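Remarks on the structure that follows.
Computed from a predicted structure; not experimentally measured.
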Amino acid sequence: MSALKDQITEDMKTAMRAKDSERLGTIRLLLAALKQKEVDERVVLDDAAVIAIVDKLIKQRKDSLEAFIKAERKDLADKEAAELVVLQAYLPARLSADEVAAAIKAIVAELGASGPGDMGKVMGAVKAKLAGKADMGQVSAAVKAALAG
């Protein structure tokens, strides 16, 4: 059983007691996504898998937030932003841009990658090392930059 999943369940109980309906709704959404993954794949999630799901939900919220802002739907954008804050609390501390760049540089050197053709090989290694510790969109851009020049 995942310690992070236990923490999320406890947070749900706390939100229920506090009658914090917005936080409760977001936590229930997260728990439903976790349960869906467990049922679909017949596995018990560990912390890394829970973080991956939280990361996916955060990416969805960011995309929705951007779309709602473009559509000038402040009410929906505010709701997505509030959900984003709740979900981000379950992620471990993120690496800084300098730390990500250093890790990518080390992986590129270790694999002997030389150009854009090696992007897939490098991204596979980077994902394994930095999953949950960095925004993969930013990581992908940093890998492209490292391989380009």
Side-chain angles (χ1 to χ4, degrees), residues 1-15 20 22-71 76-149:
M1 186 67 134
S2 162
L4 185 55
K5 189 175 173 190
D6 292 340
Q7 176 64 44
I8 294 167
T9 304
E10 287 304 312
D11 288 351
M12 181 184 71
K13 292 174 187 174
T14 304
D20 185 351
E22 289 180 9
R23 183 172 174 77
L24 179 61
T26 303
I27 293 172
R28 281 184 171 159
L29 181 124
L30 172 57
L31 284 171
L34 297 175
K35 188 69 173 170
Q36 184 70 46
K37 182 80 164 180
E38 287 181 334
V39 169
D40 286 352
E41 298 183 9
R42 294 187 174 97
V43 294
V44 175
L45 299 176
D46 61 352
D47 279 348
V50 172
I51 289 170
I53 291 170
V54 171
D55 233 357
K56 179 181 172 188
L57 292 174
I58 286 175
K59 183 180 183 322
Q60 289 172 349
R61 296 298 161 287
K62 285 181 179 177
D63 292 345
S64 297
L65 182 62
E66 195 175 297
F68 290 143
I69 289 172
K70 281 183 184 172
L76 295 174
D78 291 345
K79 181 179 181 293
E80 293 294 321
E83 288 182 1
L84 198 55
V85 169
V86 172
L87 291 171
Q88 285 175 331
Y90 296 111
L91 288 180
R94 296 296 204 175
L95 297 175
S96 71
D98 293 338
E99 291 170 322
V100 170
I104 290 171
K105 191 174 185 181
I107 291 170
V108 167
E110 181 182 315
L111 295 176
S114 58
D118 295 326
M119 177 86 176
K121 181 168 61 170
V122 173
M123 278 304 292
V126 169
K127 272 189 176 181
K129 188 171 183 178
L130 301 181
K133 297 178 187 170
D135 178 1
M136 284 304 170
Q138 293 172 341
V139 168
S140 177
V143 168
K144 279 182 189 172
L147 292 176

Discussion item. Working note: Asp63 + Lys59, criterion salt bridge (Lys or Arg N to Asp or Glu O under 4.0 Å); need CA distance, chi angles, decisive distance, verdict.
Written reply: CA-CA 6 Å; Asp63 292 345; Lys59 183 180 183 322; 3.2 Å; yes
Practice prompt. Could you give me the CA-CA distance, side-chain angles and deciding distance for Glu66 and Lys62, then say whether salt bridge (Lys or Arg N to Asp or Glu O under 4.0 Å) is met?
Written response: CA-CA 6 Å; Glu66 195 175 297; Lys62 285 181 179 177; over 6 Å; no
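A pairwise comparison of heavy atoms in Met119 and Val143 identifies SD-CG1, 3.6 Å as the closest pair. The heavy-atom pair separating Leu111 from Val122 by the smallest distance is CD1-CA, 3.9 Å. Closest of all the heavy-atom pairs between Leu65 and Ala77 is CD1-O, 3.0 Å. Considering every non-hydrogen atom in both Leu34 and Leu45, the closest pair reads O-CD1, 3.5 Å. Of all heavy-atom pairs between Met123 and Ser140, the closest is SD-CA, 3.9 Å. In terms of heavy atoms, Arg23 sits closest to Ala15 at CG-CB, 4.4 Å.
Atom CD in Gln60 sits 9.5 Å away from atom CD in Glu80 (nearest 0.5 Å). Atom-to-atom distance recorded for Gln7:CD and Glu10:CD is 7.5 Å, nearest 0.5 angstrom. Distance check: Leu30 CG to Ile53 CD1 gives 8.0 Å after rounding to the nearest 0.5 Å. Leu31 CG to Lys5 NZ: the interatomic distance, rounded to the nearest 0.5 Å, is 7.5 Å. Remark: Glu83 CD to Ile27 CD1 distance equals 11.0 Å, nearest 0.5 Å. Of the inter-residue distances, the one linking Leu76 atom CG with Ile69 atom CD1 reads 11.5 Å to the nearest 0.5 angstrom.
Residues Thr26 and Glu22 form no side-chain contact, since every pair of their non-hydrogen atoms from C-beta on lies 4.5 Å or further apart.
The only member of Val50, Ile8, Ile58 that meets side chain to side chain contact (heavy atoms under 4.5 Å, CB included) when paired with Tyr90 is Ile8.
Legend: residues meeting side-chain contact (heavy atoms from CB on, under 4.5 Å) with Ala106, ordered by chain and number and at least two apart, are absent. Applying the side-chain contact (heavy atoms from CB on, under 4.5 Å) criterion to Leu29, with sequence neighbours excluded, gives Leu57, Arg61.
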